[in-house]
Amino acid sequence: MLDPVLLRGQLADTAQRLRDTRGFEVDVAALEALEAERKTIQIRTQELQNLRNTRSKAIGVAKAKGKDVSALMVEVSGFGDELKASEARLAEIQQAFADIALRVPNIPHASVPKGADEKANVEVRRFGEPPRFDFKPKDHAELGARKGWLDAESASKLSGARFTVLRGELARLHRALAQFMLDLHTGEHGYLEVNVPLLVQPSAMQGTGQLPKFEEDLFSTDTGGIKRYLIPTAEVSLTNLVADTIVEADALPLRMTAHSMCFRAEAGSYGRDVKGMIRQHQFEKVELVSIAAPEQSYEEHERMTRCAEVVLEKLGLPYRRMLLCTGDMGFGATKTYDLEVWLPAQDTYREISSCSNCEAFQARRMQARWRNAATGKPEPLHTLNGSGVAVGRALIAVMENYQQADGSIRVPEVLRPYMGGAELIA
RNA sequence: GGAGAGGUGGCAGAGUGGUCGAAUGCGCCGGAUUCGAAAUCCGGUUUACGGGUCUCCCGUAACGUGGGUUCGAAUCCCACCCUCUCCGCCA
């Protein structure tokens, strides 16, 4: 959520900025009308509440002294209806304001290039060279099918489209990747390992911004009459850990990592990446989340992105870092770097990580604050999240980049300790 | 799933209809005392929102959550959620 000040006093300017950067249209007329009424209604409501409180106290005092209170009672009943109506109207207005405000995206940082879609993203850096093969490289689906390692048919029988069954050495390699990433981030990058719930309440989804706007992207359950959502990323669980809390300044930045399942409905992506395990309803990811003081969040963003890059570098996977343009960023982000890994079979780079600074956007939604020593007051934190990295896609990248002519796959050196020392899976 | 107990400020813990945003203790901050410290004493110490004459003042709201009763609710009623203990079941 944007700072309410931007949606009240500086509405015209804010609307212009959202239009320029994201092509998003705020309902200016509706917000203006609500704000105009809100002010008078709120003042009147509080006036009446004050009146009621003072009169009620007076009744209490009079009764204690054994005096007659009937005159006071009549006076109070005179404005009871108006108070009730006024309170109800105020609640309506505040709800209506929130309904709009919760659907307004974040405003991009000044360093973000303007653009409508991914074509305007800017390559920032590049690591490694795409491998050369003296044979035609196979895609991961084909490599996986050879030994029954990767079984889309069985998965489809069990669960339908966009699921995968992994078996044997490939399943182990997948597990090795997750372990390696987790060990790297906890051991060398200073992140605290956290194991999180995969099912969360609607309030958590609203906190990180999936709700109310993107419900169709989520899986949910209402078992026992309780609505819960499956997390699309551990960012939801990790970030919401600081919801409704005030973090002391010396605890910042708070760096947390989690290996988790992620669930995405992938609504609207029919026909895209249908082959193999690039786009699944269920996948694993090692997530990084940083909770930072405002003045350190952009530095933290660079650091976090580096932590994700190190994963790919240690795995020996070629990648490039893209700075997303204003039109291609997620709902809550002010600045995002995507890491794209080289996939030989597709002859292109594909997203494997996305690192975003959300500034106070999520923190405001979830009441996550820190105590600013300079002001002595609780102020919204900055939250950041990044994939460090997507495990399924990392598996694909390793398979395709490390494949041999016979369809066997070399094991990247850093993964061998997790593979019983194996140099090759065949 | 069955039986019981309970949810109050950073923590512990009083408070069963009226000046209670809430005693007391601990913690924390400031001050006094001290050569310094401990101890002791004094004062202060929640958050959100709104208004203003906007480094301060005023108001409103918040005692698990949501409703209800009442002139007035931490306190009474209803529903729900959560925690703990015992039993059952269970990875």
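So you know, we letter chains A, B, ... as the sequences are listed, proteins then strands, and number each from 1.
- The distance from atom CD of A/E37 to atom P of B/G50 is 16 Å, rounded to the nearest whole Å.
- The 5' end of RNA chain B is approached more closely, in terms of each residue's nearest nucleotide, by A/G376 than by the other of A/V76 and A/G376.
- With both ends at atom P, the span from B/A14 to B/C89 equals 37 Å, rounded to whole Å.
- A distance of about 15 Å separates the P atoms of B/G59 and B/C20, rounded to the whole Å.
- Rounded to the nearest Å, the gap between the C1' atom of B/C28 and that of B/G17 is 35 Å.
- For the pair A/R52 and B/A61, the criterion of a side-chain N or O lying under 4.0 Å from OP1 or OP2 is met.
- Among the heavy atoms of the strands lying under 4.0 Å from A/R369 are primed sugar atoms or P, OP1, OP2 only; no base atom is included.
- Between B/U24 and B/U45, the two P atoms lie 13 Å apart (nearest whole Å).
- Between the CD atom of A/Q94 and the C1' atom of B/G50 there is a distance of 10 Å, given to the nearest Å.
- In this model, the phosphate group of B/G59 is not approached by any side-chain N or O of A/N50 to a distance below 4.0 Å at OP1 or OP2.
- For B/A38 and B/U19, the P atoms lie 40 Å apart once the distance is rounded to whole Å.
- Side-chain contact between A/P232 and A/L218 is present, with at least one heavy-atom pair separated by less than 4.5 Å.
- Once rounded to the nearest 0.5 Å, the distance linking OH of A/Y229 with CG of A/D222 reads 9.5 Å.
- Taking a pair as Watson-Crick or G-U with both hydrogen-bonding distances under 3.5 Å, the stems of three or more pairs touching RNA chain B are B:1-7 with B:81-87, B:10-12 with B:24-26, B:27-32 with B:40-45, B:46-52 with B:56-62, B:64-68 with B:76-80.
- Here, B/C58 and B/U53 have their P atoms 16 Å apart, quoted to the whole Å.
- B/G50 atom C1' lies 12 Å from atom CD of A/E47, rounded to whole Å.
- Residue A/K57 places no side-chain N or O under 4.0 Å from the OP1 or OP2 atom of B/G72.
- Side-chain polar atoms of A/H259 and A/E284 form a donor-acceptor pair below 3.5 angstrom.
- As rounded to whole Å, 17 Å separates atom P of B/G18 from atom NZ of A/K65.
- For the pair A/R371 and B/U47, the criterion of a side-chain N or O lying under 4.0 Å from OP1 or OP2 is met.
- For B/A61, one of the phosphate oxygens OP1 or OP2 lies less than 4.0 angstrom from a side-chain nitrogen or oxygen of A/N53.
- Distance check on atom C1': B/A79 versus B/G27 gives 38 Å, rounded to whole Å.
- Side-chain N/O atoms of A/R52 and A/Q49 include no donor and acceptor closer than 3.5 Å.
- Comparing atom distances between the A/Q46 side chain and each of B/G21, B/U46, B/U60 picks out B/U60 as nearest.
- Take the nearest nucleotide of RNA chain B for A/K63 and for A/T54: the residue whose nucleotide is more 5' is A/K63.
- B/U69 shows a glycosidic angle more than 90° from 0 and is accordingly assigned anti.
- To the nearest angstrom, C1' of B/U70 lies 9 Å from CE of A/M73.
- Dense packing is recorded around NZ of A/K213, with more than 12 heavy atoms of other residues, nucleotides or ligands lying under 6.0 Å away.
- Between the P atoms of B/G15 and B/G9, the separation comes to 16 Å (whole Å).
- A/S354 and A/D338 share a side-chain donor-acceptor pair at under 3.5 Å.
- Here the side chain of A/S56 is nearest to one of B/A61, B/U47, B/C71, namely B/C71.
- Separating the CD1 atom of A/I226 from the P atom of B/U65 is a distance of 18 Å, rounded to the nearest angstrom.
- Ring geometry, A/F180 versus A/Y418: the interplanar angle exceeds 60°, so the pair is classed perpendicular (tilted spans 30 to 60°).
- Taking atom NZ of A/K227 as the reference point, atom P of B/G66 lies 21 Å away to the nearest angstrom.
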Query raised in the report: So A/E37 and A/R89, salt bridge (Lys or Arg N to Asp or Glu O under 4.0 Å) or not? Walk me through it.
Result: CA-CA 10 Å; A/E37 195 185 352; A/R89 182 59 191 150; 2.7 Å; yes
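- Residues A/H382 and A/Y298 keep their aromatic ring centres 6.0 Å or farther apart.
- To the nearest angstrom, P of B/G50 lies 9 Å from CD of A/E35.
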